[in-house]
Amino acid sequence: MPAIIQLPTHIANLIAAGEVVERPASVVKELLENAVDAGATKVTIEIRDGGMTFLRVTDNGCGMEPEDAKTAFLRHATSKLRRAEDLGEISTMGFRGEALAAIASVSRIDLMTKPTGALFGTSLHLDGGVVTQQSEAGCPDGTTIIIRDLFFNTPARMKFMKSDTVEGSRVTAAVQLQALAHPQVAIQMVRDGKTVLTTPGDGSLQTAVYCVYGRDFAAMAPVQSKWDGYALSGYVSKPTDARPSRNFQTFFVNDRPVKSRLLISALEEAYRNQLMVGKFPACVLHLTLPPHAVDVNVHPAKTEVKFLSEKAVFDCVHYGVLAALNKTPDRPDVQFSKLHREPAPEKAAPEKPAAQVAPKQNFFRTMTPEEFKSFSAAMQEAPQPKPQAARAAAAMLPKHIPETAVLHSPVMTPGGEIPLPPKKPVPPKEEKAAALPPLPETPVTAPQPEPPQAPREVPPEQTPETQQEGIQQALDMPPAPEWRLVGELYRTYILVEQGEEAFLIDKHAAHERILFDKLKANQETISGQTLLSPLAVRLPPTAAGELLANGAMLEELGFQIEEFGDSTVLLRQIPMDLSPEDAAEAVESLAADLLNGRREQKDTVRDELLHTVACKAAIKAGWVTDPQELYAVAKAVMEREDLKYCPHGRPICVSLSKKQVEKQFKRT
Ligand code: ADP
Ligand code: MG
């Protein structure tokens, strides 16, 4: 039998050090947290050779008495915790009393510390955790700690260190993180003699974020919300500025940087249907909650936390970010190229004009489910071969569509004549109150006279609902200047003028979003249309089985699918807004994703399908669009605050100010 012994303190410390002190960056994190806990308002970090040979942290905090200075290096020596109950209400960064002991055990340390107002300070030297010298010393208020020769006595650990450059960058990242965590502390970092970061410590997270991220930060949206005693503040990237990885997601819980799947998913949920696949939002978010609502004692480096109520935390972050995204007046500016004929930046690249696409008459998308039902009943009574059925339906359209339905009735003829605008120009009275794009900062000058060659489009009748909204919003903010549809560019972009601002609206992206939102708002089941003759779709053998196994879910999405043998399925019913040819495509992609196991979540499947439906049903770039339709799309974009991105994350509208144009013509 092996004899069991209790390990000597210095070995125990070395083991503990492995948990807390992984590399120079983790040393800096611990020392910075100590400075913050000591109430420092100014901290300087200096490193040489990636922090491996020399690492100094100087603070102007409360300092330590001579006895405390020595005790501080003992294991479980802390001034921040007295009783077990205190663990439930921790408000300091540290509390485990392990960091100094752990760091000391694997390095050589010089400490100078003086309590505020004391006559003398203390100087202390430790070698591998053993105090070798202590004396009185003249030094400024606060604490300076120098770590030399990190891991000199643990060659195994040393082997895991990367180059000085890599370790140094990690230290910088750790300092940046602390700077974002504590905007009230002025932090300076010097790396090999060069200052690499300075924050003013003015308490503003905005300044701290700017100091760390520089100009990138300007494009972020501010977050500020309260939820059930929880507070969320910080900055999030706009959907168009998403990053290719999660590296730019930074979360703080009660000022402590944490890693949390829960927080990530709450953040990303707010971007659902706004981001392209493989893109991730960036954020700097501070979540503040009562100390008892979070357990910080679940990880030696305290980078993980446990929440009392995960649901409350999720909601706080999710809705806080959502509100911030909906609030930002977010119409990217058009960028002019400097030289003539230089290609413009690809910022809001238009969808490839699909000029060659065959015309389509998707009549069913122009009707409400009720209208469709009565229509299809009539059709069943007098069955006709399919192509005529479509034409007959198109012929019936005017009788079935109320005036307000103009948005859902695309009339498109690829490359055909552009239809004349409606005759009676009626000034849209309600617009004054209801048009709500971002308000210009400067007072708007009187509306300019309209050029005669640009007749105003007839505004569709407003439904009581939109009037109501208009009034509601008019109460909240001063009226925005009237907007005017100028025309269409390249059969793709609707040009709108409002005061000193022009807007280019991607008609397809905008319409797609409008349809998507409409479909999504219709929460329960998606209404289906029974096909006059069922559609056979051939699929890879396993895919057909997968689809049939998910029949119930597909039914909720508006599909009715039957087995047809030989890996073919029969579509008897398809979602109301989808054309049969698009339905076959949608079913194939659904099957493929079900097979890949990507679509266990019903909501996601639903959203994906709605994307497909909206995309297929929306007016297309490059196609001739009825002016009323253009007007309806423009009106929705100009009046709805939430229309910013198509469901794939592309912008819907970009702005172009009079100033920008005048600058191009050297008028200013
Ligand atoms: P913890 O921070 O978990 O208490 P540490 O080992 O990091 O444990 O520090 C031990 C103690 O040393 C702290 O509780 C604190 O009282 C004291 N101390 C450490 N650093 C400083 C500092 N920069 N200024 C004042 N006191 C400090
Ligand atoms: Mg500490």
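As a basis for the values below, the full set of heavy atoms in this structure was taken, side chains included, without hydrogen atoms, waters or symmetry mates. Quick caveat, the model's predicted, so the values are computed rather than measured. Both counts, for ligands and for their atoms, begin at 1 and track the order of listing.
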Exercise. Do the side-chain N and O atoms of D202 and T207 include a donor-acceptor pair separated by under 3.5 angstrom?
Worked result: yes
For this session: Distance to 0.1 Å, residue and atom name: give those for the protein heavy atom nearest to atom 22 (C) of ligand 1.
Result: T143 OG1, 3.8 Å
For this session: I would like to know whether R48 and D192 meet salt bridge (Lys or Arg N to Asp or Glu O under 4.0 Å); could you show each step before the answer?
Result: CA-CA 5 Å; R48 279 181 223 147; D192 295 313; over 6 Å; no
Problem set entry | For ligand 1, the portion of R96 having any non-hydrogen atom under 4.0 Å away | backbone
Exercise. Taking heavy atoms and a distance under 4.0 Å, where does A38 meet ligand 1: side chain, backbone, both or neither?
Worked result: side chain
For this session: Ignoring hydrogens and angles, state whether a donor on the side chain of T41 or N60 is under 3.5 Å from an acceptor on the partner side chain.
Result: yes
Exercise. Between A77 and ligand 1, which part of the residue brings a heavy atom under 4.0 Å of the ligand: side chain, backbone, both or neither?
Worked result: backbone
Exercise. Which atoms of ligand 1 have any heavy atom of A72 under 4.0 Å away?
Worked result: 10 (C), 12 (O)
Problem set entry | atom 4 (O) of ligand 1 - nearest protein heavy atom and its distance | T78 OG1, 2.5 Å
Exercise. Does L100 approach ligand 1 within less than 4.0 angstrom via side chain, backbone, both or neither, non-hydrogen atoms only?
Worked result: both
Exercise. How far is atom 27 (C) of ligand 1 from its nearest protein heavy atom, and which residue and atom name does that atom have?
Worked result: M64 CE, 3.6 Å
Problem set entry | S79 N/O to ligand 1 N/O under 3.5 Å | yes
Exercise. What residue and atom, counting heavy atoms only, is the protein's closest point to atom 23 (N) of ligand 1, and at what distance?
Worked result: D59 OD2, 2.9 Å
Problem set entry | Side-chain H-bond candidate by donor/acceptor type, T44 with E46, under 3.5 Å | no
For this session: Below 4.0 angstrom from a heavy atom of F95, which ligand 1 atoms are there? Numbered from 1 as shown, please.
Result: 1 (P), 3 (O)
Exercise. Taking distance alone, with no angle check, do G94 and ligand 1 share an N/O pair under 3.5 Å?
Worked result: no
For this session: Indicate yes or no: does R246 engage E268 in a salt bridge with an N to O separation below 4.0 Å.
Result: yes
Problem set entry | ligand 1 contact on D68 by region, counting heavy-atom pairs under 4.0 Å | neither
Exercise. Any idea which protein heavy atom is nearest atom 2 (O) of ligand 1, and the distance to it?
Worked result: K80 NZ, 2.7 Å
Exercise. What protein heavy atom is closest to atom 8 (O) of ligand 1, reported as residue, atom name and distance in Å?
Worked result: G97 CA, 3.2 Å
Exercise. Are side-chain N/O atoms of N273 and R513 paired as donor and acceptor at under 3.5 Å?
Worked result: no
Exercise. With a 3.5 Å cut-off and no angle check, do the side chains of D49 and T53 form a donor-acceptor pair?
Worked result: yes
For this session: Decide, yes or no, whether a salt bridge links D59 with K42 under the criterion of side-chain N to carboxylate O below 4.0 Å.
Result: no
Exercise. Charged N to carboxylate O under 4.0 angstrom, E98 versus R75?
Worked result: yes
